[in-house]
Chemist: 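Dropping the structure in here first, questions after.
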Amino acid sequence: MNEKELRTPGTNFIKTIIDTHNRTGRFDGRVHTRFPPEPNGHLHIGHAKSICLNFGIAEDYHGLCNLRFDDTNPVKEEQEYIDGIIRDVRWLGFDWGDRLYYASDYFETMYRFAVDLIRRGNAFVCDLTAEEVREHRGTLTQPGRESPFRNRSVDENLDLFHRMRAGEFPDGSRTLRAKIDMSAGNLNLRDPVMYRITRATHPRTGDSWCIYPMYDWAHGLEDSIERITHSICTLEFEDHRPLYDWFLDALETYKPQQIEFARLNVTYTVMSKRRLLTLVNEGFVSGWDDPRMPTISGLRRRGYSPESIRIFCDRIGVAKANSTVDYAMLEHCVREHLNLTAARVMVVLDPIKVILTNYPEHQTEMMDADNNPEDASMGKRQIPFSRELLIERSDFMEEPPKKWFRLAPGMEVRLKHGYYITCTDVVRDTAGTITEIHCHYDPESRGGWTRDGRKVRGTLHWVSAAHAIRAEIRLYDHLFALDDPMAVPEGKTFRDFITPQSLTVISNALAEPCLADSAPETRFQFLRHGYFCTDPDSSPGHPVFNRTVGLKDSWAKIQRGADEQ
RNA sequence: UGGGGCGUCGGCAAGCGGUAAGCCACUGGUUUUUGGCACCAGCAUUCGUAGGUUCGAAUCCUACCGCCCCAGCCA
């Protein structure tokens, strides 16, 4: 089964709208979308939803999707973010051809459109301060008052706007505003600001501009210039659609259809760029790519595959109702993809020694092992087997509970790809702690099976003591203890609910030799543990692995049930 | 109190007047050299509430109720 079969796109209200447009010929059958990030932070799983939606729809309808930076506010935007966003979208697997655009490339065009709007009598230069503009805006229930500068002549507006651009006025001293309706119930229509004066160095245009366009003015023009057909954005812009339409209608220019959908929320995490920045700046995580972050770079470092994220975005659907997706859904999608693609390997996290008393000393056998039982094409590897082995401490119990089929005194288990072994004895230190488990192995069970077809319920993973390599393993848990970190009690902040044990480091796990020098971002299944991914912190002789997600564990479930009784 | 939206299973989400898809989670069971995977079965007589229209309503109408967004020279 490949990704195509795993993906189950389904329909949604946006496709329904597009189908209608295609039927009526609104855009001559064209479908052209865009993903328009502002480079003021790194992309997260919520953006992935939008990316998959926009690029996915373009693909479904044999259309196009542009990557466009909405870089209209230089005080918050940085080249570092531009580079990171390009890297992340590409990593997710999307291709924008040669259509990488920047709103800043349209600044001159936008300026000319603004002059046009002034000439049409639909915009004016306003000398009110920011605070005065706010006072004039009115409130949710009371209409606003018109600016005293609202009725300047076209010529005066043209002159003033030109001088705004020329840098004759100080920052914040004047704005260009659209002349719409100060009594509109929709606040966005109360003579919105189109340009502000801000002397800030822009990552791309440098200091060549001191006036910058506002979102509402700029965004529709960007879409219009690129001949976008469907401008897909999140719900909070629903109130802005009348303004989006107003500007393009007033200019009598090409107008796309804006469509709004609900942004993604996932349990146990935060999704706003502001809060993610807080986590980074206040040192709660190591950076934007900390494996606990819901950022694309964090998920990547954690071991999520691009395919798994795309599958997730298909599964959650698209609608207009605010909703929060269960983190378990994301986990399910990675497991599903990694089960098919990740090589199996054996690693013992908490080792205890096993000695096979009837196995020849100084002998080493190489055992055949499937790399992936789901995919024979991934081949086999050889694992060294010898007299002294390490198994998981938790796989042995002196007095096992019912239904236990791991190792215990007198019990026979299978060592995966190895032999059947039976526990005969244990060795303790002076404190009474078990230090060694003595076992007999059955020479007839080489490879992990016998001719007599005897049933052995338990299968354990192991490594050979003489051949194992040390590895650092990083286990992660939810960053937040609350499924909704935003729903905090009065007087608390989301900071108060950060889980202290969200990162557990195991510095002396023992792994089979093939893991010695795996490249960063290689994904594995550590048998019976979960999916892990090589971290970039790895160095020769010191491999580091991040746990992406654990395997489902029905034994843990049974134990939980027993505890409750 | 103005404007704009949204309410279908524990969580997502189809459905668009013909009698409630699917996924996650959960619960049983089969299978198994991963207590994984896979497979089978169960899981909304009911669609925010109340009326109405209709042979027939989650879908149409009316009125309520609840939740979200908007008063940046942010996007």
Chemist: Please report the distance separating the P of B:C69 from the corresponding atom of B:G29, rounded so that it comes out in whole Å.
Modeler: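 Pairwise P distance, B:C69 against B:G29, rounds to 45 Å.
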Chemist: Considering every strand and a 4.0 Å limit on heavy-atom distances, what is the contact class for A:Lys416: base, sugar-phosphate, or nothing?
Modeler: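 Since a base atom lies under 4.0 Å of A:Lys416, the category is base.
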Chemist: Quote, to the nearest angstrom, the P distance that separates B:U59 from B:C47.
Modeler: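 Their P atoms lie roughly 9 Å apart.
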Chemist: Could you check whether A:Val318 gets within reach of a base, just the sugar-phosphate, or nothing at all, counting any heavy atom under 4.0 Å?
Modeler: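 Since only primed, P, OP1 and OP2 atoms lie under 4.0 Å of A:Val318, the category is sugar-phosphate.
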Chemist: How many Å lie between CD1 on A:Ile14 and P on B:A14, as a whole number?
Modeler: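 Distance, rounded to whole Å: 10 Å.
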Chemist: Whether A:Glu444 and A:Arg454 form a salt bridge (side-chain N of Lys/Arg under 4.0 Å from carboxylate O of Asp/Glu) is what I want to check.
Modeler: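 Not counted as a salt bridge, because no side-chain N and carboxylate O are separated by less than 4.0 Å.
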Chemist: Is the ring centre of A:His219 less than 6.0 Å from the ring centre of A:Tyr215?
Modeler: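 Distance test on ring centres: under 6.0 Å, yes.
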Chemist: Suppose we call a contact any N or O donor and acceptor under 3.5 Å apart; does that hold for the side chain of A:Gln525 and the base of B:U34?
Modeler: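 Counting by modelled atom types and ignoring angles, a donor-acceptor contact under 3.5 Å is found here.
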Chemist: Round to a whole Å and report the spacing from CZ of A:Arg406 to C1' of B:G36.
Modeler: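 Atom-to-atom, A:Arg406 to B:G36, this comes out as 12 Å.
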Chemist: Mind checking whether A:Tyr244 and A:Phe237 have side chains closer than 4.5 Å, heavy atoms only?
Modeler: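 Not touching, per the 4.5 Å side-chain cut-off.
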Chemist: Which residues pass the ring-ring contact (aromatic ring centres under 6.0 Å, His included) test with A:His332, not counting sequence neighbours?
Modeler: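 Scan of A:His332 (ring-ring contact (aromatic ring centres under 6.0 Å, His included), adjacent residues dropped) gives none.
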Chemist: Collect all protein-nucleotide pairs involving nucleotides 30-32 of chain B in which both atoms are nitrogen or oxygen and the distance is under 3.5 Å.
Modeler:
| residue | atom | partner | partner atom | Å |
| --- | --- | --- | --- | --- |
| B:U32 | O4 | A:Arg457 | NH2 | 3.1 |

Chemist: Charged N to carboxylate O under 4.0 angstrom, A:Glu392 versus A:Arg406?
Modeler: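 No.
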Chemist: As a test of the definition: with a 90° window around 0 for syn, would you call B:G72 syn or anti?
Modeler: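 Syn.
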Chemist: What's the NZ-C1' distance between A:Lys320 and B:G5, to the nearest Å?
Modeler: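 Nearest whole value for this atom pair: 6 Å.
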Chemist: Paired with B:C6: which nucleotide, if any, by Watson-Crick or G-U wobble criteria at under 3.5 Å for both distances?
Modeler: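 Pairing partner: B:G66.
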Chemist: Using a cut-off of 4.0 Å on non-hydrogen atoms, how would the nucleic acid contact of A:Arg177 be classed: base, sugar-phosphate, or nothing?
Modeler: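 The residue A:Arg177 makes no contact with any strand.
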Chemist: What's the closest nucleotide to the side chain of A:Phe405 if the choices are B:A14, B:G35, B:C37?
Modeler: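 My answer, after comparing the listed nucleotides, is B:G35.
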Chemist: With a 3.5 angstrom cut-off on both distances, give the Watson-Crick or G-U wobble partner of B:C16, or none if there isn't one.
Modeler: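 Partner of B:C16: none found under 3.5 Å.
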Chemist: For a quick test of reading the model, state the closest non-hydrogen atom pair linking A:Ser308 to A:His337 and the distance between them.
Modeler: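 For A:Ser308 versus A:His337, the nearest heavy atoms are CB-CB, 4.2 Å.
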Chemist: Measuring only the P atom in each nucleotide, how far is B:U31 from B:A13? A whole number of Å is fine.
Modeler: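 After rounding to an integer number of Å, I get 38 Å for this pair.
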Chemist: Could you tell me how far B:U8 sits from B:U45 if I compare only their P atoms? Round to whole Å.
Modeler: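 Nearest-Å result for B:U45 against B:U8 at atom P: 15 Å.
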Chemist: Could you work out, with salt bridge (Lys or Arg N to Asp or Glu O under 4.0 Å) as the rule, every residue matching A:Arg177, not counting sequence neighbours?
Modeler: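 With sequence neighbours excluded, A:Arg177 shows a salt bridge (Lys or Arg N to Asp or Glu O under 4.0 Å) to no residue whatsoever.
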Chemist: Whole Å only: how far is the CZ atom of A:Arg263 from the P atom of B:C6?
Modeler: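 It is 17 Å, rounded to the nearest whole Å.
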Chemist: Using a 4.0 Å heavy-atom cut-off, does A:His417 contact any base of the nucleic acid, only the sugar-phosphate backbone, or nothing at all?
Modeler: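 Result for A:His417 = base.
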Chemist: Please state the C1' separation for the pair B:C26 and B:C43 - nearest whole angstrom.
Modeler: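 It comes out at 8 Å once rounded to the nearest Å.
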Chemist: Would you call the rings of A:Phe385 and A:Trp462 parallel, tilted or perpendicular if under 30° counts as parallel and over 60° as perpendicular?
Modeler: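 Correct class here is perpendicular.
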Chemist: Provide the Watson-Crick or G-U wobble partner of B:G51, both distances under 3.5 Å; none if there is no partner.
Modeler: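 Pairing partner: B:C61.
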Chemist: To the nearest angstrom, how far is A:Glu374 atom CD from B:G36 atom P?
Modeler: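 After rounding, the gap between these two atoms is 13 Å.
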Chemist: At under 4.0 Å between heavy atoms, what does A:Pro373 touch on the DNA or RNA strands: base, sugar-phosphate, or nothing?
Modeler: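 The answer is base, as A:Pro373 lies within the cut-off (heavy atoms under 4.0 Å) of a base atom.
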Chemist: Would A:Glu38 and A:Lys76 pass as an ion pair if we require N to O under 4.0 Å?
Modeler: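 No salt bridge links A:Glu38 with A:Lys76.
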Chemist: Shortest non-hydrogen contact from A:Ser305 to A:Val334?
Modeler: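 Residues A:Ser305 and A:Val334, closest heavy atoms: N-CG1, 4.4 Å.
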Chemist: Between the protein and nucleotides 57-60 of chain B, list the N/O to N/O atom pairs that are separated by less than 3.5 angstrom.
Modeler:
none

Chemist: Return no unless some side-chain N or O of A:Thr141 is found under 4.0 Å from OP1 or OP2 of B:G3.
Modeler: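 Checking A:Thr141 against B:G3: no side-chain N or O falls below 4.0 Å of OP1 or OP2.
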Chemist: Please state how far atom CZ in A:Phe261 lies from atom P in B:A13, giving the value in whole angstrom units.
Modeler: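 Distance, rounded to whole Å: 12 Å.
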Chemist: Tell me every residue that passes salt bridge (Lys or Arg N to Asp or Glu O under 4.0 Å) with A:Asp105, counting only those two or more places apart in sequence or in another chain.
Modeler: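 Expected list: A:Arg204.
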Chemist: Between P on B:C37 and CG on A:Asp553, what's the gap in Å once rounded to a whole number?
Modeler: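 Atom-to-atom, A:Asp553 to B:C37, this comes out as 10 Å.
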Chemist: For A:Tyr81, what residues pass the ring-ring contact (aromatic ring centres under 6.0 Å, His included) criterion, not counting sequence neighbours?
Modeler: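 Expected list: A:His42.
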Chemist: Applying salt bridge (Lys or Arg N to Asp or Glu O under 4.0 Å), can you list everything that pairs with A:Glu146, at least two apart in sequence or on another chain?
Modeler: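 A:Glu146 satisfies salt bridge (Lys or Arg N to Asp or Glu O under 4.0 Å) with A:Arg150 only.
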Chemist: Nearest to the side chain of A:Val325, heavy atoms from C-beta on, is which of B:A14, B:C12, B:G36?
Modeler: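 It is B:C12.
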Chemist: Along nucleotides 67-75 of chain B, 5' to 3', which nucleotides get a B, which get an S, and which get a -, given that the test is a protein heavy-atom distance under 4.0 Å?
Modeler: -SBBBSBBB
Chemist: Take atom C1' in B:U54 and the same atom in B:G18, then report the distance between them in whole Å.
Modeler: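 It works out to 12 Å between them.
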Chemist: For residues 132-143 of chain A, which residue pairs pass the salt bridge (Lys or Arg N to Asp or Glu O under 4.0 Å) check, not counting sequence neighbours?
Modeler: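 Applying salt bridge (Lys or Arg N to Asp or Glu O under 4.0 Å) to every pair that reaches into residues 132-143 of chain A, excluding sequence neighbours, yields nothing.
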Chemist: For B:A41, give the paired nucleotide (Watson-Crick: N1-N3 plus N6-O4 or O6-N4; G-U: N1-O2 and O6-N3; both under 3.5 Å), or none.
Modeler: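 Its partner is B:U27.
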Chemist: What distance, rounded to whole Å, do you find between the two C1' atoms, one in B:C9 and one in B:U46?
Modeler: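 Between the two C1' atoms, the distance is 10 Å.
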Chemist: Between A:Leu415 and A:Ile316, just flag the one whose closest nucleotide in RNA chain B comes earlier from the 5' side.
Modeler: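 Comparing both residues, the 5'-ward one is A:Ile316.
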Chemist: Please identify each residue that fulfils side-chain contact (heavy atoms from CB on, under 4.5 Å) with A:Asn372, with sequence neighbours left out.
Modeler: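 Counting only residues at least two positions away or on another chain, A:Asn372 forms a side-chain contact (heavy atoms from CB on, under 4.5 Å) with A:Arg344, A:Glu374, A:Asp375, A:Met378.
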Chemist: Just one of A:His417, A:Arg414, A:Lys416 clears the side-chain hydrogen bond (donor to acceptor under 3.5 Å, both in side chains) bar with A:Thr459, so which one?
Modeler: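 Checked A:His417, A:Arg414, A:Lys416 against A:Thr459; only one passes side-chain hydrogen bond (donor to acceptor under 3.5 Å, both in side chains): A:Arg414.
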Chemist: Assign each of A:Thr16 and A:Arg446 to its nearest nucleotide of RNA chain B by heavy atoms, then name whichever residue's nucleotide is nearer the 5' end.
Modeler: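 Closest to the 5' end, via its nearest nucleotide, is A:Thr16.
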Chemist: Just the rounded figure in Å: distance from P of B:C12 to CG of A:Asn265.
Modeler: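 Interatomic distance, CG of A:Asn265 to P of B:C12: 10 Å.
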Chemist: A:Asn265: which residues meet the side chain to side chain donor-acceptor pair (under 3.5 Å) condition with it, sequence neighbours left out?
Modeler: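 Here no residue qualifies.
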Chemist: Say you pick atom C1' in B:C6 and the same atom in B:A38; how far apart are they, in whole Å?
Modeler: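 These two C1' atoms come out 39 Å apart once rounded.
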Chemist: Nucleotide by nucleotide, 5' to 3', does protein get under 4.0 Å of the base (B), only the sugar-phosphate (S), or neither (-) in nucleotides 21-29 of chain B, counting heavy atoms?
Modeler: --BSSSS--
Chemist: Heavy atoms only, 4.0 Å cut-off, all strands: where does A:Trp404 land among base, sugar-phosphate and nothing?
Modeler: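 Base, at least one base heavy atom under 4.0 Å.
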